[in-house]
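Notes follow once the structure below has been shown.
A, B, ... follow the sequence lines: proteins, then strands. Residue 1 opens every chain.
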Number of protein chains: 2
Amino acid sequence: MTVNTLHRPTHRDALVHLEAAFEREDMITVFGRCTVDYDGRATSELGPGDRLVILKPDGSILVHTDEKRTPVNWQPPGCTHSASIRDGRLRIRSRRSNPDERLDVHFERVDQCSAYGVNDRSDLELTGSEEDLRQHILANPSILEPGFEPLETERQSDAGPIDIFGEDADEVPVVVELKRRRVGPAAASQLRRYVDALHREFGDDEPVRGILVAPSITDRAADLLDREGLEFVALDPETGAPPVEDGSAEDDGGEDETSGESGSDGQSETSGENESDDPTADE
Amino acid sequence: MTVNTLHRPTHRDALVHLEAAFEREDMITVFGRCTVDYDGRATSELGPGDRLVILKPDGSILVHTDEKRTPVNWQPPGCTHSASIRDGRLRIRSRRSNPDERLDVHFERVDQCSAYGVNDRSDLELTGSEEDLRQHILANPSILEPGFEPLETERQSDAGPIDIFGEDADEVPVVVELKRRRVGPAAASQLRRYVDALHREFGDDEPVRGILVAPSITDRAADLLDREGLEFVALDPETGAPPVEDGSAEDDGGEDETSGESGSDGQSETSGENESDDPTADE
DNA sequence: CACTATATATCGCAT
DNA sequence: ATGCGATGTATAGTG
């Protein structure tokens with residue numbers, strides 16, 4: 001059995017359930033009215049409210065309200081979870097050291113307590129990252145500029161690792177800094193630190209070019225680059241080509257099945273199914 | 001009733017349950033074996049595996065495995081959730097525009113499907129942030145340096161807003177950049193951009209000091225500050241005082257109750273409750 | 001460990 | 001809406 005759930009348990013029953021789930025290294029959810037107390041890198045207090053608490057066997061804990069992607073309180077992996085009864089109520093505590101941190105969840109009411117056995121997993125495959133952009137440029141350096149020749153990636157400098165180090169058609173050293181999305185002043189400064197480091201390394205007589213590569217750039221960052229004598233090249237990380245300036249006809253329609261709709265909008269009438277097709281339903 | 005749960009529902013029953021929950025604007029969890037398909041700012045595919053999916057009425061969606069604090073797939077608030085049956089199986093889709101993104105979760109098996117009504121809430125109170133550090137300095141400017149006088153916070157400059165702008169004892173303009181935690185080269189560059197902006201504003205004849213305030217600084221950032229003629233002052237955001245250099249006796253013990261323990265370590269025997277004992281215990 | 005940089009960062013605030 | 005910086009950022013990679 002993969003899932004084990006208690007509905008409106010007593011605090012003591014929830015405790016027993018939790019401890020068994022800890023033992024099995026299950027993923028756990030607890031929903032109920034609770035307060036949260038955190039002390040560590042910062043300090044926070046969260047008054048009573050209805051929240052979903054998620055405990056993972058790797059020692060992470062998340063406290064979610066019904067808003068936002070970010071949990072209202074949390075602890076990253078590496079904590080030790082414990083549960084106990086305080087004043088007759090369930091308390092979940094998560095502790096770690098380095099940094100020394102503690103997160104307490106005190107439940108006034110436990111509505112549901114579930115333990116999930118996670119046995120099966122696959123890894124995520126993601127594209128469109130900075131690494132993809134780099135591969136595009138290494139595979140076809142002329143998309144950066146004609147005659148550009150990459151010499152080294154992650155080249156160490158006094159200011160840190162340089163994304164791509166190379167030479168232009170005139171054999172002038174070039175520092176290339178890659179960003180997968182629109183860049184602001186921080187990226188321009190980062191490029192400048194690398195270029196400065198190479199100036200110190202090569203001597204001020206040797207010219208060094210710096211090129212920031214991203215799909216687009218803010219005005220302030222463009223001004224900053226100008227003042228510093230640095231350059232910008234617009235490339236899309238997904239395609240490795242110059243991004244479309246002002247989009248127009250971009251039809252990728254392919255949706256040929258209707259779907260049951262809901263959410264903030266449309267009314268739902270339990271319709272929208274589109275099944276029958278294939279069994280394999282259960283199991 | 002706050003919680004509504006289906007155990008091992010058929011895909012169709014899960015759909016009905018979900019659509020009702022959408023209608024009520026409940027927070028929803030679905031646990032089961034699924035694949036995830038994402039296309040938007042980046043693109044990703046996640047093969048079959050056991051995951052916990054969380055849907056919030058504000059349009060966020062989280063797909064969690066039993067590891068890490070960060071969901072393996074997600075969408076921030078603003079999406080429109082929908083559910084349907086495809087090939088006899090439950091599919092949850094989350095869509096938004098600007099940027100145009102889509103997240104699909106295809107379930108091979110639904111183990112549990114819960115809807116939680118969240119009616120009650122309190123706001124988080126947090127201390128130890130950069131804002132706290134600023135308050136400490138404004139309340140007692142001499143902790144920064146004797147004779148320092150704050151003149152303006154969030155002062156606008158060509159390079160963005162300056163945390164604290166003031167004058168030293170000699171009426172020399174001072175740019176203060178605050179960080180709540182240990183700073184690296186990026187913070188030094190940020191400070192430099194602000195100082196440069198004021199140089200452009202005041203003219204190069206007018207001296208402008210730049211002070212970076214944080215609990216500590218990395219060697220590389222310290223070198224960078226040195227080269228730029230900028231300064232560093234060590235202050236703790238929580239206390240507003242110089243942080244303890246090399247800790248020693250720092251006894252804050254107060255834990256006088258044993259607690260039921262579990263997690264990565266100790267074995268649990270459903271013991272460890274410790275109730276009734278003493279009131280006034282935690283608080 | 002500390003240091004550095006990335007991220008589908010998210011989030012909040014100001015323009 | 002976009003720009004910009006803070007975040008208890010989390011996370012990965014490297015020395």
Using whole Å, what does the distance between atom [atom2] of nucleotide [N] and atom [atom1] of [X] come to?
X	N	atom1	atom2	answer
E154(A)	dG13(D)	CD	P	11 Å
I217(A)	dT2(D)	CD1	P	17 Å
L178(B)	dA6(D)	CG	P	9 Å
D58(B)	dT10(C)	CG	C1'	12 Å
D219(A)	dC4(D)	CG	C1'	13 Å
R155(B)	dG5(D)	CZ	C1'	18 Å
L133(A)	dA7(C)	CG	C1'	14 Å
L124(A)	dT11(D)	CG	C1'	14 Å

Assert: residue with more 5' nearest nucleotide on DNA chain C, out of W74(B) and R220(B), is R220(B)
Comparing S129(B) with G184(A), nearest DNA chain D nucleotide closer to 5' gives the residue G184(A)
Donor on one side chain, acceptor on other, S189(B) and R193(A), under 3.5 Å
yes
field: Residues R182(B) and S216(B): side-chain donor-acceptor under 3.5 angstrom
entry: yes
Polar side-chain atom of H81(A) near backbone of K56(A) as donor-acceptor pair, under 3.5 Å | yes
Worksheet item: Just by distance, do the side chain of S122(A) and the backbone of G49(B) share a donor-acceptor pair under 3.5 Å?
Response: no
How would you label the contact of [X] with the nucleic acid (heavy atoms, under 4.0 Å): base, sugar-phosphate, or nothing?
X	answer
Q75(A)	base
Q156(A)	nothing
A159(B)	sugar-phosphate
N98(B)	sugar-phosphate
E177(A)	sugar-phosphate
Q190(A)	sugar-phosphate
P77(B)	sugar-phosphate
R181(B)	base

Closest listed nucleotide, where the reference is the side chain of [X] and the choices are [options]:
X	options	answer
R180(B)	dT10(C), dT4(C), dG8(D)	dG8(D)
L126(A)	dA6(D), dT8(C), dG8(D)	dT8(C)
D163(B)	dA6(D), dC4(D), dG8(D)	dA6(D)
P185(B)	dA5(C), dG8(D), dA7(C)	dA5(C)

**Message:** Check this for me: does the side-chain of N73(A) come within 3.5 Å of the base of dG8(D) through a donor and an acceptor?
**Reply:** yes
Stems in DNA chain C, runs of 3 or more consecutive Watson-Crick or G-U wobble pairs with both distances under 3.5 Å, sorted by first number, are C:1-7 with D:9-15, C:9-15 with D:1-7
For the atom pair [atom1] ([X]) and [atom2] ([Y]), what is the distance rounded to the nearest 0.5 Å?
X	Y	atom1	atom2	result
E101(B)	R96(B)	CD	CZ	4.5 Å
I162(B)	L198(B)	CD1	CG	4.0 Å
R200(A)	D158(A)	CZ	CG	4.5 Å

For R220(B), the salt bridge (charged side-chain N to carboxylate O under 4.0 Å, His left out) test, sequence neighbours excluded, returns none
(request) For the pair R93(B) and D104(B), find out whether any cationic side-chain nitrogen is under 4.0 Å from an anionic carboxylate oxygen. (result) yes
* Identify whether the distance between the nearest side-chain nitrogen and carboxylate oxygen of R192(B) and D196(B) falls below 4.0 Å. => yes
Report yes if a side-chain nitrogen or oxygen of [X] is closer than 4.0 Å to either non-bridging phosphate oxygen (OP1 or OP2) of [N]; otherwise report no.
X	N	answer
T70(B)	dT11(D)	yes
T218(A)	dC4(D)	yes
R182(A)	dG3(D)	yes
R41(A)	dA10(D)	yes
Y194(B)	dC4(D)	no
K68(B)	dA12(D)	yes

Exercise for review: Quote, to the nearest angstrom, the C1' distance that separates dG8(D) from dA14(C).
Suggested key: 24 Å
- [ ] In whole angstrom, give me the gap between the P atoms of dT4(C) and dT8(C).
- [x] 23 Å
